[in-house]
Protein chains: 2
Amino acid sequence: MAQFNQTISVDCVIFGFDGEQLNVLLVDRTLTKEGQEIFSDLTLTGNHIYEDEELDNAAARILFDLTGVKDIYLEQFGVFASPERLNHPNDRQWLLANGRNPDSRIVSVAYFSLIATKEITLEWKGRNVKWYPVNSVGTLAFDHNQILSKALAALRNKLRSAPIGFALLPEKFTLSQLQKIYEIILGTELDKRNFRKKIARMKYLIPLNEKQKGVAHKPAQLYVFDRDIYEKSKTEMFDFSI
Amino acid sequence: MAQFNQTISVDCVIFGFDGEQLNVLLVDRTLTKEGQEIFSDLTLTGNHIYEDEELDNAAARILFDLTGVKDIYLEQFGVFASPERLNHPNDRQWLLANGRNPDSRIVSVAYFSLIATKEITLEWKGRNVKWYPVNSVGTLAFDHNQILSKALAALRNKLRSAPIGFALLPEKFTLSQLQKIYEIILGTELDKRNFRKKIARMKYLIPLNEKQKGVAHKPAQLYVFDRDIYEKSKTEMFDFSI
DNA sequence: ACAAAAGTGTTGCAGATACACCCATGG
DNA sequence: CCATGGGTGTATCTGCAACACTTTTGT
């Protein structure tokens, strides 16, 4: 593999869902000097790209490096390149301590991605990453709060126009889980019956002959998403509303 | 102003509407050597950014340089950074002839913008730019065909979710002109009466006490778009469809 | 037996579609 | 007076929202 490109980086906003909340994967950034902690805060996951690497591949690589998972939903949603984006004192100090020039400009191409929180083990390669509920994220490094909020907006938008909710769920999921995802991301309450009527119209959500087990209530039917059927139905789905 | 950043450029897909067709503004790229024309093709408008310049400002600057118009609708819709995007022979030759290194990687941040074709004079600063109907654009330089088709997709999407059609029209416009824009961009035919019913619901489209002049038929009422009313109504307009 | 979530139908209303004729102007 | 696009209303259909009770399991 070639070397890193010094001016282009990719940041990934990795969303996860644990059944209750929408979470983001954040990296612990602690700067120490002679054993003393100088500061400690959090960043999104990201990295520079290799000279011969496509952006999409760089994003997938970063994701794999941190989570050990491949073939994940990934979508580019913006570029962040303000000349001031590395100007905060902590950020400059951090860059200096890592042998980088805080005055050189870095464009960051931002992706968001969706995975089921439980599907991944964060012990992978001993990275210092953790899930944080999106609602309680404090001040992040660089312009990462901006990136996160734009990612949320992009996620909401996308969720309205394409069936991506189950990317946050295990392969087999229940309709209530799916409904909860819509409710949390869109910030609404949805009617159970109306929700299920819509689902019934989506031919690519396929009920299995299989039910939940070990729950202290009527076990729910499990569903899977069929990508092939979805791709076919997409061509027919035209939305001519002005 | 600082100097140019060599690795970051901004490309603008400038759409115009002439009453009949959707057009793109393209730049003539003719390479000559010792008075001999070596090749001649077309590119999108674009330029490198200045070291201390925001991306949005760079896009606005490029637009102003080429058209002499300010305060234009502009929207970022993607980044193009494939390591192979400058690899075609003509492109390499062109870069070399212009003193640039064809092997260095350039990321291009792409914007699309909307203006009324007739509002601008292309003699501005003697640039070699011209309008071309989007339907009959041939092979463009670099990856500009890719950029153009993604711009069209972004435009269609945006048009469905936000009232931006009149950005392609003069300040005062008729409803038939607006309808034609929707028809051409979305590739549909729309019913005149139903279209006007939707318009009537948009309180930010304001009928003037003024009519078309010099047309050989019943003169149409002119409308303007009121940005303030739009911004207010936006907050209420929530779309909770899943 | 009880707690907890799953699952299921009907009705009213609003917004979408389909459709045809008269009007004002310039030439 | 003719050609051209401007402007208008109604009937039907379809999709969305609101709403409450029975079922299955684990403890």
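Predicted model only: the values in this text are computed from it and were never measured. Every chain is numbered from 1 and lettered A, B, ... according to where its sequence line falls, protein lines coming before strand lines.
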A/K198 NZ to D/dA18 C1', straight-line distance once rounded to whole Å: 14 Å

Selection residues 141-158 of chain A - residue pairs positive for salt bridge (charged side-chain N to carboxylate O under 4.0 Å, His left out), sequence neighbours left out: A/E75-A/K158, A/R85-A/D143

Between D/dG7 (P) and B/L222 (CG): distance, integer Å: 9 Å

With sequence neighbours excluded, residues passing side chain to side chain donor-acceptor pair (under 3.5 Å) with B/S82: A/E54

Atom-pair distance (CD1 on A/I199; P on C/dT8), nearest Å: 13 Å

Nucleotide nearest B/R201 (side chain, heavy atoms from C-beta), chosen from C/dA16, D/dG6, C/dG7: C/dA16

Under 3.5 Å, which N/O atoms of the protein pair with N/O atoms of nucleotides 10-13 of chain D?
| from | atom 1 | to | atom 2 | distance (Å) |
| --- | --- | --- | --- | --- |
| D/dT10 | O4 | B/K197 | NZ | 2.7 |

Sugar-phosphate only, base, or nothing, as touched by A/S176 at under 4.0 Å among non-hydrogen atoms: sugar-phosphate

Given D/dG7, D/dT8, C/dT8, the nucleotide with the shortest approach to the side chain of B/R193: D/dT8

Rounded distance in Å - NZ (A/K180) to C1' (C/dA5): 11 Å

Set of side chain to side chain donor-acceptor pair (under 3.5 Å) partners for A/S9, sequence neighbours left out: A/S108

Nearest-Å distance for atom pair CG/C1', residues A/L175 and C/dT8: 13 Å

Identified side-chain contact (heavy atoms from CB on, under 4.5 Å) partner of A/F77 from the options A/V109, A/L152, A/I147, A/L155: A/I147

Nearest-Å distance for atom pair CG/C1', residues B/L190 and C/dA18: 14 Å

Rounded distance in Å - CD (A/Q179) to C1' (C/dT8): 14 Å

Neighbours of DNA chain C within residues 212-220 of chain B, by heavy-atom distance under 4.0 Å: B/V215, B/A216, B/H217, B/K218, B/P219

Sequence neighbours left out, cut at 3.5 Å: what donor-acceptor pairs do the side chains of residues 165-174 of chain B make with other protein atoms?
| from | atom 1 | to | atom 2 | distance (Å) |
| --- | --- | --- | --- | --- |
| B/K172 | NZ | B/E210 | OE1 | 2.9 |
| B/K172 | NZ | B/E210 | OE2 | 3.1 |
| B/T174 | OG1 | B/Q177 | N | 3.2 |

Partner residues of A/N145 under the side chain to side chain donor-acceptor pair (under 3.5 Å) criterion, sequence neighbours left out: none

Length of the CG-P vector between B/D191 and D/dT8, whole Å: 14 Å

Greater than 12 external heavy atoms within 6.0 Å of B/E37's CD: yes

Set of residues satisfying ring-ring contact (aromatic ring centres under 6.0 Å, His included) with respect to A/F142, sequence neighbours excluded: A/H144

Residue mapping more 5' on DNA chain C - nearest nucleotide basis, B/K211 or B/K192: B/K192

Under 4.0 angstrom between A/R196 side-chain N/O and C/dT8 OP1 or OP2: no

Set of side chain to side chain donor-acceptor pair (under 3.5 Å) partners for B/D18, sequence neighbours left out: B/N23

